[in-house]
S.K.: 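Please find one structure pasted underneath; my questions will follow.
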Amino acid sequence: APVVEALGGLGIRTAAELVSHLRAFPSAIANALGWEVSDVLKGRDLLVQELRGVLPDELLDARPQPRRYGLVTGRPGLYN
């Protein structure tokens, strides 16, 4: 199965890992499958619906944490 091979190459082995990767890296999944990002997002939403009751809602509804770049502030002694 080409989809399994492509996703396995990204280190995805479980449904939980797939949902996590689809949320965090939709363009990487699209590239690996040769799909459009919009198709990956539609597929992600359908997969999440199918997995309701199978995987915990906390996992299905989780959103990636925002990435922060730059100087970390508010931590005394970190840079002095």
Side-chain angles (χ1 to χ4, degrees):
V3 171
V4 172
E5 292 170 9
L7 299 180
L10 295 173
I12 299 170
R13 303 279 184 255
T14 67
E17 291 174 353
L18 177 56
V19 170
S20 177
H21 275 70
L22 287 168
R23 292 215 185 278
F25 310 109
S27 59
I29 300 290
N31 187 49
L33 296 174
W35 294 4
E36 296 293 326
V37 173
S38 61
D39 293 327
V40 169
L41 297 176
K42 289 176 196 172
R44 178 201 63 202
D45 294 343
L46 291 171
L47 178 63
V48 166
Q49 289 176 9
E50 289 293 320
L51 292 175
R52 290 259 177 233
V54 177
L55 293 177
D57 286 343
E58 301 84 45
L59 181 110
L60 297 175
D61 297 329
R63 298 283 182 226
Q65 294 297 315
R67 295 181 185 181
R68 296 191 171 108
Y69 301 95
L71 180 65
V72 176
T73 60
R75 295 181 65 186
L78 186 61
Y79 298 104
N80 53 16

S.K.: Which donor-acceptor pairs under 3.5 Å do side chains of residues 25-32 form with protein atoms, sequence neighbours excluded?
M.R.:
none

S.K.: Strictly by side chain to side chain donor-acceptor pair (under 3.5 Å), give each pair with a member in residues 9-21 just once, sequence neighbours left out.
M.R.: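 Not a single pair qualifies under side chain to side chain donor-acceptor pair (under 3.5 Å).
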S.K.: Should Leu41 and Val19 be counted in the same cluster of Ile, Leu, Val, Met, Phe, Trp and Tyr side chains packed under 4.5 Å apart?
M.R.: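 The answer is no; the residues belong to distinct hydrophobic clusters.
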S.K.: Grab the two heavy atoms, one from Leu47 and one from Leu22, that are nearest each other, plus how far apart they are.
M.R.: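 That closest heavy-atom pairing would be CD2-CD1, 3.9 Å.
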S.K.: Please report the interatomic distance CG(Leu51) to CG(Asp57), rounded to the nearest 0.5 Å.
M.R.: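 Taking CG in Leu51 and CG in Asp57, the distance rounds to 11.0 Å.
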S.K.: Could you pull out all residues at least two apart from Asp39 that satisfy salt bridge (Lys or Arg N to Asp or Glu O under 4.0 Å)?
M.R.: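 With neighbours one apart ignored, the set is empty.
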S.K.: Please check this pair: side chain of Arg44 against backbone of Leu18, looking for a donor-acceptor N/O pair closer than 3.5 Å.
M.R.: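 Checking the backbone N and O of Leu18 against the side chain of Arg44, no donor-acceptor pair under 3.5 Å is found.
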S.K.: Report yes if some heavy atom in the side chain of Arg23 is under 4.5 Å from a heavy atom in the side chain of Leu59; otherwise report no.
M.R.: no
